[in-house]
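These notes are about the structure you will find just below.
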Protein chains: 2
Amino acid sequence: MPDTAKKPSKADLRREDLRARLIDIAETRIRDEGLPAIKARELAREADCAVGAIYNVFPDLNGLIMAVNGRTFQSLGKVVAASVAAAPQNAPQAELITMSHAYLRFAAENTNLWRALFDLEMSTEMDVPQWYLAELGKLFALIAAPLARVFPNYTRHELELMTRALFSSVHGIVLLGLQKRISGVPLDKIEDMIAILLSNVTSQA
Amino acid sequence: MPDTAKKPSKADLRREDLRARLIDIAETRIRDEGLPAIKARELAREADCAVGAIYNVFPDLNGLIMAVNGRTFQSLGKVVAASVAAAPQNAPQAELITMSHAYLRFAAENTNLWRALFDLEMSTEMDVPQWYLAELGKLFALIAAPLARVFPNYTRHELELMTRALFSSVHGIVLLGLQKRISGVPLDKIEDMIAILLSNVTSQA
DNA sequence: AGGCTAGTCTGAACCTCGTTCAATGAGGTT
DNA sequence: AACCTCATTGAACGAGGTTCAGACTAGCCT
């Protein structure tokens, strides 16, 4: 028997339990009230532990938020992947639009969680964790596949550039579109913007 | 004689002087060290006034940052407008690319100031001030003009949608492009992404 | 000039946070 | 049971934005 993971001692179990509980609580709080609702004392009260206990399980509150972001990123990936799987289009343009609309939908329905994904990135110029880039890579791969069919004679390099460009574009449209319902754009207009943009980009002359 | 602005009393002058001084200091600090470098006590020390004095001149630190953002937004507008004026292209596609590259350049050279423009928006869900929308409107107008020549039979509505979509797209590309030199994209690759995107969008089949 | 009033200016004090750490206590080992 | 080890606790620390009662001016009236 390999004993690399040998003792799930009682303490370890408690630790894992607390960790999971904190992530759940933080996720709910971010979903409902946004990142600023993550306060050490409130989390401790709700998780029924001491403030210091949080720091036994996470290096700091950012660490906790990153854990939530991990979950969010995975949900996002699943939703986008599912959108194409559910409605198999043979036209790659349609696939791109479907995925983008799924992205918009996810962002609109989970605005605070989705924002947290990018807000942390900015404030702390720390090293991006592995899984972050990995998840982003998965998203990119989803985009690159239909794109390769639209532009069959792009080099690998051009394709990658286009993938980034399109992802960033859709991200930008969603970001500014969701910002401020004031002076703002209703959801279906945002959908239209994405569709028009993608149609035009992918309509080879 | 209209006396709507009748008394520039000594107190008013001091107030205006302090206000201007604070904006200068804040601008420099944001430019050099980003938004988190805006601390009441440090500002007061550097401006040689009491902490409380700041609150006589601005409602809070956000108000000060908004004042800096006002300046930044104007510079940005000027730079973008100047870019097309300097190199008068007759092809509207080229104009769009020129302006977008000017936008990228400004964002790259004044990253912290440029970020402050959008970071505040997010954190405080307050009412967007007049001039903010006005400046944004000016930017949109700059884009809409060449765009109208590319798509002469778009309705006013479609044109507006397209304008927003393109601005948001370029913004997204710049935003994600400048984020993290790590795993990142060098400036001229970002330029390429913008150019490719805009070319494809504006090449009518 | 001498006061009187309506402000401004001051900075100590208040409050809210994230984070730490000496003291406590529980788990596991002999 | 006695001992050692390490997790856990929560009061205390430091940093930051904001406030406010008192000190202080500047302009104005007599």
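Lettering follows sequence order; numbering is per chain, from 1.
In this structure, the CG atom of Leu61(A) is 11 Å from the P atom of dT20(C), given to the nearest Å. Regarding Leu35(B), its CG atom lies at a distance of 15 Å from the C1' atom of dG16(D), rounded to whole Å. Taking atom CG on Asp48(A) and atom P on dG10(D), their separation rounds to 10 Å, with Å as the unit. In this structure, CD of Glu42(A) is placed 7 Å from P of dC17(C), rounded to the nearest angstrom. For the pair Asn62(B) CG and dG16(D) P, the computed distance is 16 Å after rounding to whole Å. A straight line from CD of Glu16(A) to C1' of dA7(D) spans 14 Å, rounded to a whole angstrom. Counting to the nearest Å, the C1' atom of dG18(C) and the CG atom of Leu43(A) are 12 Å from each other. Here dA26(D) presents its P atom at 7 Å from CZ of Arg14(B), a figure rounded to the nearest Å.
Ionic pairing of Glu109(B) and Arg105(B) is present here: one or more N-O contacts between side-chain nitrogen and carboxylate oxygen are shorter than 4.0 angstrom.
Note on Leu18(B): nothing from the nucleic acid sits closer than 4.0 angstrom, heavy atoms only.
Note on ring orientation: taking the six-membered ring where Trp is involved, the planes of Phe118(B) and Trp114(B) are perpendicular (angle over 60°, cut-offs 30° and 60°). Aromatic ring orientation, Phe167(B) versus His171(B): parallel (interplanar angle below 30°, classes split at 30° and 60°).
Each of Arg19(B), Arg29(B), Arg71(B) was checked for a salt bridge (charged side-chain N to carboxylate O under 4.0 Å, His left out) with Asp24(B), and the lone residue meeting it is Arg71(B). For the side chain to side chain contact (heavy atoms under 4.5 Å, CB included) with Cys49(A), the qualifying choice from Leu18(A), Val57(A), Leu43(A) is Leu18(A), the only one to do so.
Distance from the side chain of Ala50(A) is smallest to dG10(D) among dT8(C), dG11(C), dG10(D). Nearest to the side chain of Arg15(B), among dG18(C), dT8(C), dT19(D), sits dT8(C). Closest to the Arg41(A) side chain, of the nucleotides dT18(D), dT10(C), dC17(C), is dC17(C).
Residue whose closest nucleotide on DNA chain C sits further toward the 5' end, between Lys39(A) and Val51(A): Lys39(A).
Here Asn56(A) reaches the OP1 or OP2 of dT8(D): one of its side-chain N or O atoms lies under 4.0 Å away.
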